[in-house]
Peer 1: 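I have a structure I would like to understand better, so I am pasting it below and will then ask my questions one at a time.
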Number of protein chains: 2
Amino acid sequence: MAKEKKSQNAEKAEAGGLAAQLRVPSGPVDLSKYDTRATTGFDGSKKDGKLALEALGAEISDWQEKLFAEGRKDGQRSILLVLQGMDTSGKGGVIRHGAGLMDPQGLKITSFKAPTPAEKRRGFLWRIKQALPDPGLIGIFDRSHYEDVLIARVRNLVTPNVWNRRYEQINDFEAELDANGVTLLKCYLHISADEQRERLQARLDDPTKHWKYNPGDVDERKLWPDYMEAYHAALERCNSAEAPWYVIPSDRKWYRNWAVTTILLETLKSLDPQWPQADYDVAVEKKRLAAT
Amino acid sequence: MAKEKKSQNAEKAEAGGLAAQLRVPSGPVDLSKYDTRATTGFDGSKKDGKLALEALGAEISDWQEKLFAEGRKDGQRSILLVLQGMDTSGKGGVIRHGAGLMDPQGLKITSFKAPTPAEKRRGFLWRIKQALPDPGLIGIFDRSHYEDVLIARVRNLVTPNVWNRRYEQINDFEAELDANGVTLLKCYLHISADEQRERLQARLDDPTKHWKYNPGDVDERKLWPDYMEAYHAALERCNSAEAPWYVIPSDRKWYRNWAVTTILLETLKSLDPQWPQADYDVAVEKKRLAAT
């Protein structure tokens, strides 16, 4: 680790903060050892947590605008937040409540469903690359290329040879992103199987939530241990300083939203974007304007 | 007008509301007769206006989610909000403060710059069609195909023959959108030339806003009367029941944000999306889930 190029994320982790606390250490991963109800780094009640999230709004919007401004000039940097997790873990909730605090013009949100035949033919990373954020933007992936080593592996959608090669392909791709100015932030939203049952139950109990449920959810749920095994492999084999994984305890929705938003804010601050200098003569322009 | 197909927008205008008050009547348009400082339909102060906007958040989010849910099932409907206006009129401000009240997952925002050579070769509507919202989404255009009868006309970027034909091409395109379930909402953000000078001045005075200014803004400003003439033509020739224009008094930012958001909310309500029915057996699924 000592000799590797120091990426923005590596510097941030060194600086401490919530990111450093939720960062997955290198080496084998066992998610059963991570408490899904933890509130790491937050001292307070649910109500406090909701207020703390709201309170991040002004600050994160300000940093977001600076990054956006930089991208409108010569800046090449962007952020990519990857959200992964089992059904009902709250990927959409994080976007609604966390990303929803920011200016939607500075966001590029992509939700990945099962790939189409045309997408498959182009290789699993093709559609991912189409969806990358332009300079100045914060990209958010609701599911991602990790599905290609998760459901693809669990459901035998491709041969073991194929999915096995993908870990290195992902590492190469993510290192390239980092080199190109895309700061990656990968969050696994960690819920317990019991919590998932309750959330699916709630969707079945409430007619205004019926559209969120589909019978396939129970089929996937039955494969919980297989998915955990696939997550362990992904979190171990694709976890670099340039493209770190965070495990977000997500049984408490309010904590999950606050934690992801806080890590995003820390990442923005570590990039430290600045208001661009004028690339014109301000005094001259003032005169020209006054003459109109 | 009496015999034309009744679109959602036509029904909404009949029902009254702010949309009906800000709707541009058919026939010749003279923007100098529209007060840029008006607060049509709103009785209160700036502070009241900001609170009134915030107060729309919960209701508009709820309707947005219903439209989104419909689109996830068999629904084919979407909304497209087109924002036009002179530099500094606040297209970005409306998105930040109005659209920012909603879930960013349900928005598809596109900002149109000068077309690239590749885009031009494909005809002026090609890139617009690429950016249309999918079913269930609210699309927002920051500038649009109207630039092709505004700057293109004022700056002689194409011959008069070419821009002259575009009005009908736009009408055909917009009628097609309406027929395909895309409800159009076109807002002209109306500021005075004096207000624009103040806003450009503010950008020059504040180093954190220098990036928003470019010297070309003054060049365009000098052509104000030509732009007004081009807007008059667009607002007269492309103003149908299916694709109505609204003039939004925009010298007061708080009113502009409230007004556009209110018309968007009225449009959502007129579509009256409903929570989709379950397309599975709820009782069966409850049993399946309980068994896991």
Side-chain angles (χ1 to χ4, degrees), chain A residues 61-62 65-66 68-70 72-73 91-92 95-97 99-109 111 140 142 193 196-197 200-201 203-215 217-219 221-222 224 274-286 288-292, chain B residues 61-62 65-66 68-70 72-73 91-92 95-97 99-109 111 140 142 193 196-197 200-201 203-215 217-219 221-222 224 274-286 288-292:
Chain A
S61 294
D62 193 51
E65 192 180 7
K66 282 185 185 170
F68 184 81
E70 181 187 281
R72 289 289 291 275
K73 297 295 175 181
K91 300 176 289 289
I95 300 175
R96 169 179 266 226
H97 299 286
L101 295 172
M102 292 182 283
D103 186 339
Q105 293 168 100
L107 304 176
K108 182 178 169 91
I109 300 166
S111 174
I140 304 179
D142 175 349
Q196 190 195 51
R197 187 193 295 104
L200 287 173
Q201 185 70 46
R203 291 181 179 181
L204 286 168
D205 288 342
D206 180 352
T208 76
K209 291 182 176 169
H210 281 171
W211 64 280
K212 293 186 176 186
Y213 179 94
N214 85 73
D217 296 345
V218 168
D219 300 326
R221 175 172 168 75
K222 289 177 180 167
W224 191 278
Q274 302 294 318
W275 296 115
Q277 302 273 314
D279 49 9
Y280 49 83
D281 185 322
V282 175
V284 167
E285 292 304 318
K286 284 186 179 175
R288 289 183 67 222
L289 177 62
T292 62
Chain B
S61 293
D62 192 50
E65 193 180 6
K66 280 185 186 170
F68 184 82
E70 182 187 280
R72 290 289 291 275
K73 296 294 177 185
K91 300 177 287 294
I95 299 174
R96 170 179 267 228
H97 299 287
L101 296 172
M102 291 182 283
D103 186 340
Q105 293 168 98
L107 304 175
K108 184 180 168 95
I109 300 167
S111 175
I140 304 180
D142 174 349
Q196 190 195 51
R197 186 193 296 104
L200 288 173
Q201 185 69 50
R203 290 180 181 183
L204 287 168
D205 289 343
D206 180 351
T208 74
K209 289 181 177 170
H210 282 171
W211 65 279
K212 292 187 178 185
Y213 178 92
N214 86 72
D217 296 345
V218 168
D219 301 325
R221 173 172 168 76
K222 288 177 181 166
W224 191 278
Q274 302 293 319
W275 296 115
Q277 302 273 314
D279 48 10
Y280 49 82
D281 186 322
V282 176
V284 167
E285 292 304 317
K286 284 186 179 176
R288 287 184 66 223
L289 177 61
T292 64

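Letters A, B, ... are given to chains in the order of the sequence lines, protein chains preceding strands, and every chain is numbered from 1.
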Peer 1: Sort out for me which of Gly106(B), Ala291(B), Ala193(B), Gly92(B) touches chain A most, counting heavy-atom pairs under 4.5 Å.
Peer 2: Gly92(B)
Peer 1: Just so I understand: if I count every heavy-atom pair under 4.5 Å between each of Val282(A), Thr208(A), Ile109(A) and chain B, which residue has the most?
Peer 2: Thr208(A)
Peer 1: Does any heavy atom of chain A fall under 4.5 Å from the side chain of Asp142(B), the backbone, both, or neither of them?
Peer 2: side chain
Peer 1: If you count heavy-atom pairs under 4.5 Å with chain B, which of Pro276(A), Pro104(A), Pro207(A) comes out on top?
Peer 2: Pro104(A)
Peer 1: Of all of Leu101(A), Asp279(A), Leu200(A), which one pairs up most often with chain B through heavy atoms under 4.5 Å apart?
Peer 2: Leu200(A)
Peer 1: Side chain from CB out, backbone as N, CA, C, O: work out which of these in Arg221(A) comes under 4.5 Å of a heavy atom of chain B, or both, or neither.
Peer 2: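 Side chain only.
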Peer 1: For a side chain to side chain contact (heavy atoms under 4.5 Å, CB included) check, start with the C-alpha distance between Gln105(A) and Lys91(B), then their side-chain angles and the critical distance, and finish with the verdict.
Peer 2: CA-CA 11 Å; Gln105(A) 293 168 100; Lys91(B) 300 177 287 294; over 6 Å; no
Peer 1: Who passes side chain to side chain donor-acceptor pair (under 3.5 Å) against Ser111(A), sequence neighbours left out?
Peer 2: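 Partners of Ser111(A) by the side chain to side chain donor-acceptor pair (under 3.5 Å) criterion, ordered by chain and then number, come out as Lys113(A).
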Peer 1: Check whether Lys73(A) gets within reach of chain B through its side chain, its backbone, both or neither, counting any heavy atom under 4.5 Å.
Peer 2: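 For Lys73(A), side-chain heavy atoms alone lie under 4.5 Å from chain B.
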Peer 1: Counting only non-hydrogen atoms closer than 4.5 Å, does Asp219(A) touch chain B with its backbone (N, CA, C, O), its side chain (CB onward), both, or neither?
Peer 2: both
Peer 1: Where on Leu107(B) is there a heavy atom nearer than 4.5 Å to chain A: the side chain, the backbone, both, or neither?
Peer 2: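 For Leu107(B), the side chain is the part near chain A, not the backbone.
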Peer 1: Taking the side chain as everything from C-beta on, heavy atoms only, tell me whether His210(A) gets closer than 4.5 Å to Gln277(B).
Peer 2: no
Peer 1: Which residue out of Pro215(A), Gly100(A), Ala278(A), Ser61(A) racks up the most heavy-atom pairs below 4.5 Å with chain B?
Peer 2: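 Of the candidates given, the most pairs with chain B belong to Pro215(A).
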Peer 1: Mind checking the OG1-CZ spacing from Thr292(B) to Arg197(A)? Nearest 0.5 Å is all I need.
Peer 2: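 Answer rounded to 0.5 Å: 5.0 Å.
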Peer 1: Measuring heavy-atom distances to chain B, does Leu204(A) have an atom under 4.5 Å in its side chain, in its backbone, in both, or in neither?
Peer 2: both
Peer 1: With respect to chain B, which residue among Gln274(A), Glu65(A), Met102(A), Glu70(A) yields the maximal number of heavy-atom pairs within a distance under 4.5 Å?
Peer 2: Glu65(A)
Peer 1: Taking side chain to side chain contact (heavy atoms under 4.5 Å, CB included) as the definition, give me every residue that meets it alongside Ala290(A), ordered by chain and number, with sequence neighbours left out.
Peer 2: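 Result, side chain to side chain contact (heavy atoms under 4.5 Å, CB included) vs Ala290(A): none returned.
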Peer 1: Name the region of Lys212(B), side chain, backbone, both or neither, that has any atom closer than 4.5 Å to a heavy atom of chain A.
Peer 2: side chain
Peer 1: What orientation do Trp275(A) and Trp211(B) show, parallel under 30°, tilted 30 to 60°, or perpendicular over 60°?
Peer 2: parallel
Peer 1: Check whether Ile95(A) gets within reach of chain B through its side chain, its backbone, both or neither, counting any heavy atom under 4.5 Å.
Peer 2: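 Both parts, backbone and side chain.
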Peer 1: Lys108(A) versus chain B, heavy atoms under 4.5 Å apart: side chain, backbone, both or neither?
Peer 2: neither
Peer 1: Which word best sums up how the rings of Tyr213(A) and Tyr280(B) line up, parallel for under 30°, tilted for 30 to 60°, or perpendicular for over 60°?
Peer 2: tilted
Peer 1: Side chain, backbone, both or neither: which part of Arg72(A) has an atom under 4.5 Å from a heavy atom of chain B?
Peer 2: side chain
Peer 1: Salt-bridge test for Glu285(B) and Arg203(A): reply yes if a basic N is under 4.0 Å from a carboxylate O, no otherwise.
Peer 2: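 Result for this pair is no, no salt bridge flagged.
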Peer 1: Using non-hydrogen atoms only, which part of Asp205(A) is less than 4.5 Å away from chain B: side chain, backbone, both, or neither?
Peer 2: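 When you check distances to chain B, atoms from both the backbone and side chain of Asp205(A) fall under 4.5 Å.
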